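One structure below.
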Amino acid sequence: MKKTALALTALAVVVTAAYGTNYLGSVISSWDGRHVQGSATYYPLGITYGDGHIWLCYSTFFTKRLPATGSIVDLVGFSGRYGYDLGYETSTSYLYFACGTYGVYVRNSSTGADVRNFGLPAGATSASGIDFDNGTAASPVWLGDQTAWRIFNLTSTGSLVSSLSTTFGGVGGVAYDGATSGGPYLFAGTRGTPCQVYSVSPTSGSVLYSFEAPVSNGALRGLTWDGTYLWTIDNRFGSPNVGWVYQFIGYVPNIGVVPASVGKIKALYR
């Protein structure tokens, strides 16, 4: 089936796309992630899942939303560098912002106050994707790079633990899944034409499978895993869907993988 256009109507309206739900990249639900304040419209720049909610970051604030509808539960302002993606630390409720060439800023999710920040690790050029592995205390931060063909694994204070060489660049978001059978798995979304999602080994960086992301060309911004599905944002201005948030399938089925290939989807299934 072809993707049906999503009309940009009222904020936080749920749309179930006419995709079907049986292949990689198939959309489960979507909603408008823009936020209007007075005459200004703000567009989401990054996304993460934490505390049972979807968090979106903007240029001067972030929102906590219900995954099912996109309804705002909380809106918190902050000062300083804005981020291109988010990670959520469960034990502290801190948000980790990937801030391009400025590295990573850690903020209190209740107040927006800066907790700490750290620069890029050696070999990195621009932090464009981030996620927090809440199951691994020693090396929980995964950092994607916009131009370097590498993904970095860091401590919570920014010390380099390891880096993975990748066969792709232009990362716009990363998501870590440590719970699915056969894992752990690391996802990286790229801002290409078309945008791709790669499932890679967190130990070697080798690609397990890849598929086309359900967003406009060059639009993927942010990536997160909610325990069942992946999420991302369409962030290309000029796209009819700019600002929309998508929940979509990252496994078919949602368990481990073995070699296979299906049409345009290069995948490994079990």
Side-chain angles (χ1 to χ4, degrees), residues 1 3-4 6 12-33 44 46-57 63-71 73 85-88 90 129-135 142 144 171-190 194-200 202 208-216 219-235 241 243-257 262 265-270:
M1 279 187 170
K3 177 180 175 183
T4 55
L6 298 176
V13 175
V14 176
V15 176
T16 299
Y19 274 95
T21 57
N22 60 352
Y23 63 88
L24 293 165
S26 178
V27 173
I28 300 302
S29 68
S30 61
W31 35 262
D32 191 344
I47 186 170
T48 196
Y49 177 84
D51 187 30
H53 294 82
I54 290 293
W55 301 78
L56 301 179
C57 62
T63 59
K64 178 181 181 181
R65 296 173 180 253
L66 297 177
T69 64
S71 297
V73 175
D85 198 13
L86 291 174
Y88 184 87
T90 300
I130 195 168
D131 201 12
F132 196 95
D133 168 17
N134 287 286
W142 290 93
V171 172
V174 294
Y176 185 86
D177 170 20
T180 297
S181 175
Y185 300 104
L186 180 65
F187 292 96
T190 62
C195 296
Q196 293 286 121
V197 174
Y198 295 87
S199 176
V200 303
L208 304 175
Y209 59 91
S210 64
F211 59 95
E212 187 173 330
V215 293
S216 308
L220 185 145
R221 179 60 75 190
L223 199 65
T224 194
W225 176 253
D226 68 4
T228 305
Y229 300 109
L230 288 167
W231 295 72
T232 193
I233 299 164
D234 189 308
N235 187 245
N241 302 327
W244 279 77
V245 176
Y246 294 87
Q247 179 190 36
F248 61 99
I249 287 179
Y251 297 108
V252 180
N254 277 350
I255 57 175
V257 290
V262 180
I265 302 170
K266 298 177 181 178
L268 305 175
Y269 299 114
R270 175 167 297 162

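In what follows, residues are counted from 1 in the order of the sequence shown. Quick caveat: nothing in here was measured; it's all calculated off a predicted structure.
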side-chain contact (heavy atoms from CB on, under 4.5 Å) filter on Ser199, not counting sequence neighbours, yields Tyr185, Phe187, Leu208, Tyr209

Taking all atoms of both residues into account, what is the closest heavy-atom pair of Ile130 and Gly87, and its distance? CG2-N, 3.6 Å

Tyr88: what forms a side chain to side chain donor-acceptor pair (under 3.5 Å) with it, not counting sequence neighbours? Ser93

Does the Trp31 side chain pair with the main chain of Pro67, one donor and one acceptor, at a distance under 3.5 Å? yes

Can you measure from CG (Asn241) to CG (Asn235) and round to the nearest 0.5 angstrom? 12.5 Å

Measuring from Thr63:OG1 to Trp55:CH2, what's the distance to the nearest 0.5 Å? 9.0 Å

When rounded to the nearest 0.5 angstrom, what distance separates CD in Gln247 from CD1 in Ile54? 7.5 Å

Determine the minimum heavy-atom distance between Pro184 and Gly178, stating which atoms define it. CB-CA, 3.9 Å

What residues form a side-chain contact (heavy atoms from CB on, under 4.5 Å) with Asp133, not counting sequence neighbours? Thr136, Trp142, Tyr176

If you look at every heavy atom in Leu223 and Gly173, which pair is closest and at what distance? CB-C, 3.7 Å

Shortest non-hydrogen contact from Arg65 toward His53: O-CB, 3.3 Å

Say whether, by atom type as modelled, one donor and one acceptor occur between the side chain of Thr224 and the main chain of Tyr49 under 3.5 angstrom. yes

Taking every heavy atom of Gly33 against every heavy atom of Val245, the minimum-distance pair comes out as CA-CG2, 4.1 Å

Measure the CG-CH2 distance between Leu56 and Trp231 for me, rounded to the nearest 0.5 Å. 9.5 Å

Roughly how far, to the nearest 0.5 Å, is the CG atom of Asp177 from the CH2 atom of Trp225? 5.0 Å

Counting N and O atoms only, with roles assigned by atom type, does the side chain of Asp85 sit under 3.5 Å from a partner on the main chain of Arg221, one being a donor and the other an acceptor? no

Grab the two heavy atoms, one from Gly222 and one from Thr232, that are nearest each other, plus how far apart they are. O-OG1, 2.5 Å

Candidates Val215, Val197, Leu24 - the one meeting side-chain contact (heavy atoms from CB on, under 4.5 Å) with Phe248: Val197

Give a yes or no on whether the backbone of Cys195 and the side-chain of Thr190 come within a donor-acceptor separation of less than 3.5 Å. no

